[in-house]
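Here the structure is laid out as structure tokens; the discussion comes afterwards.
In this text, all values refer to a predicted model and were calculated from it rather than measured experimentally.
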Amino acid sequence: MAIYVNQETKVVVSGLTGREGRFHALRNRAYGTQVVAGVTPGKGGQEVEGIPVFNSVREAVDETGANTSLVFVPPPFAADACLEAADAGVDLVVCITEGIPARDEAEVYAYLQQTGVEMIGPNCPGVISPGKCNIGIMPVEICKEGSIGLVSRSGTLTYQVVHELTQHGLGQSTCVGIGGDPVIGQYHIDVLRKFEDDPETTAVVMIGEIGGDEEERAAEFIKTMTKPVVGYVAGFEAPAGKKMGHAGAIISGSKGTAAAKAEALEAAGAKVGRNPTEVGQLMANLVQG
Amino acid sequence: MDLLEYQGKQLLGSVGVPTPAGEAAETSDEAEAAATRIGCPVAVKAQVQVGGRGKAGGIKVAQTPAQARAAAEAIIGMDIKGHHVHRVWLEPAADIASEYYASFTLDRSAKKYLGMVSAEGGVEIETVAAESPEKIALVHIDPLLGLRNFHVRRLLFGGGIPKEQHKPMANVLTKLYQAFVELDAELVEVNPLVVTASGEIVALDAKVSLDDNAEYRHKETFTAFHEIFATDPQEKIAKEKGLNYVKLQGNVGIIGNGAGLVMSTLDVVAQAGGKAANFLDVGGGANAELMANALELVSGDPQVKSIFVNIFGGITRGELVAQGIVDALKSVDIRQPIVVRLDGTNAEEGRRILADNPNENLHSSPTMLDAANMAVQLGA
């Protein structure tokens, strides 16, 4: 068992006929993920390397039994694609698209709350359960099957930490990139809850960054967890009031600083690394004794 | 994008929020002429993207056009909390009876819109929140429901707004909410929202921040307001080249791929005893052209003494990144030493390409921490 995705996951890709969508969907399939359908309005009936394309997610779900949506469409159409997937009855939406207006994200979040559909992202690298399923843009080469769960707001920083873990011989149960925007579908705390309940996960790495108070909320949950957590927070050197690449990575007034987040994690009993290398080392010490 | 007061007022005014008519001025001549047209007394107000300008002497009331001239002379060129004052806004000095507070924003924690109203306007809302939180009404709004009458009533009663003002205030709040949604604002805040001696309600100040991700829906607004901001010269070039760049105060130039990794790189440089000169995220595809643009931008900053290129090859393969750097070095003339750290997919092949193309300015290190140390030492 892994969290969010497994061998039973059947993916419908919104934007399969676009350049990015096609490239990554085919990579995901090559990894063994069941990519069963694509959606591009007006291109229904076509195929992409044997994957049937439909005009709507509803059709794709009816015809193929897809239960997970992967969204690659550009920002002006992305919120609609997420809503369409939720409305069509998938269990999970993974939205890779970066640059979606916050108002659209807030509306999507509100609708998902009503429907009970879970969403990872937007503005995220996706989710991988090594050896089982890869949905999104994460590089599979650096991952290894194992029992460490990882949750992070950022892409390449996740890869860096995964790489450090793998070099220590520590494989991963599931790596979840939740995304760098202010309003996203699943937050650190949601993913930690799932790792806590997942029998295949023995320890968790949580990577945070400046902005918002989600790391602090996650810290409250960590206090109650039975599994050990190693934390890392990026952005100690970030000045207040400036967006650091991610739409959600901004210190507002005195709120959302890296120092406050790292302190909250430590106070909750997590070991906190000062850099990605230290995170790998701390986890190795913890697991290998 | 944080707008200046008068830009915010223009936008709020366009949806029907009552705002005072006024004029912007960049010189004392312009200010004097504007004061003459508006009619004295006028308020002369510094236009900066930061609060607390009143306390800093950035707002003056002038009884005559000559006084307005003197006020503008004193204010233009001032430095308010690190923000240079390039222009002032002049508007009729208001005859204030009461001062309220009103705002709409996106509450990240609740994932809902948040409306706030208080009869205690004219002071910083953070102060009111700390000293007498019961005087502020906080009402969450479901984005799919929108602002309803019951929300407005909760804001008015909860904020302590006198009953005789409820009707006109409800109208203003509805307009403010409309502005918040239609402009894709992250924040619309009016403090103070005043009732004048003659009973009119007017937005005397306006703080409006627009969502950069929604720029495609508001092209004209963004274009009109962007050109007004005299940003840092490096930030200006970055914007033209589409690079994600933030100027910082140190001397180690930073180039990396991915926002999280770049933030982490700034921290690691600090841990090595240095200070980053900038944040620069080249994003997913680190090709030769992108690397050339990034290296040109960072090396053009006179404060930069060394450059740290920190790339983690994911789907972008290490050998392509390395080739990009080698190609970039041929097209860009760089005087500072560059430390490249390549890791991840095909990193070894990438490092071999760097080794096969020796350049006295080019150094390579396999780990992030070693590379940070090297970059800090070379920049010392």
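For B/Lys275, the part sitting under 4.5 Å from any heavy atom of chain A is the side chain, from C-beta outward, and nothing else. Residue contact with chain B, scored on non-hydrogen atoms closer than 4.5 Å, involves the backbone and the side chain of A/Ile137 alike. Using a 4.5 Å cut-off between heavy atoms, B/Leu266 touches chain A through backbone and side chain atoms alike. For B/Val181, the parts lying under 4.5 angstrom from a heavy atom of chain A are both the backbone and the side chain. For B/Phe180, no part sits under 4.5 Å from any heavy atom of chain A, backbone or side chain. Heavy atoms of B/Phe312 lying under 4.5 Å from chain A belong to its backbone as well as its side chain.
The candidate with the highest count of non-hydrogen atom pairs below 4.5 Å against chain A, out of B/Gly313, B/Ser264, B/Gly256, is B/Ser264. When B/Glu186, B/Met368, B/Arg217 are compared by the number of non-hydrogen pairs under 4.5 Å with chain A, B/Arg217 comes out ahead. With chain A as partner, the option from B/Asn244, B/Asp142, B/Leu369, B/Leu248 having the largest number of non-hydrogen pairs under 4.5 angstrom is B/Leu369. Note: A/Arg27 leads A/Met138, A/Arg153, A/Arg27 in heavy-atom pairs under 4.5 Å with chain B.
More than 12 heavy atoms of other shown residues, nucleotides or ligands fall within 6.0 angstrom of atom NZ in A/Lys243. In the displayed structure, B/Lys247 atom NZ is contacted under 6.0 Å by more than 12 heavy atoms of other residues, nucleotides or ligands.
For the side-chain hydrogen bond (donor to acceptor under 3.5 Å, both in side chains) criterion with A/Thr166, the lone passing option out of A/Glu141, A/Gln172, A/Lys144 is A/Gln172.
For A/Phe72 and A/His24, the ring centers sit closer than 6.0 Å to each other.
Because its NZ or CZ atom is both nearer than 6.0 Å to the ring centre of A/Tyr187 and within 45° of the ring axis, B/Lys111 counts as a cation-pi partner of that residue.
Under the 3.5 Å distance criterion, the side-chain polar atoms of B/Arg341 are left unmatched by any main-chain donor or acceptor of B/Asp370.
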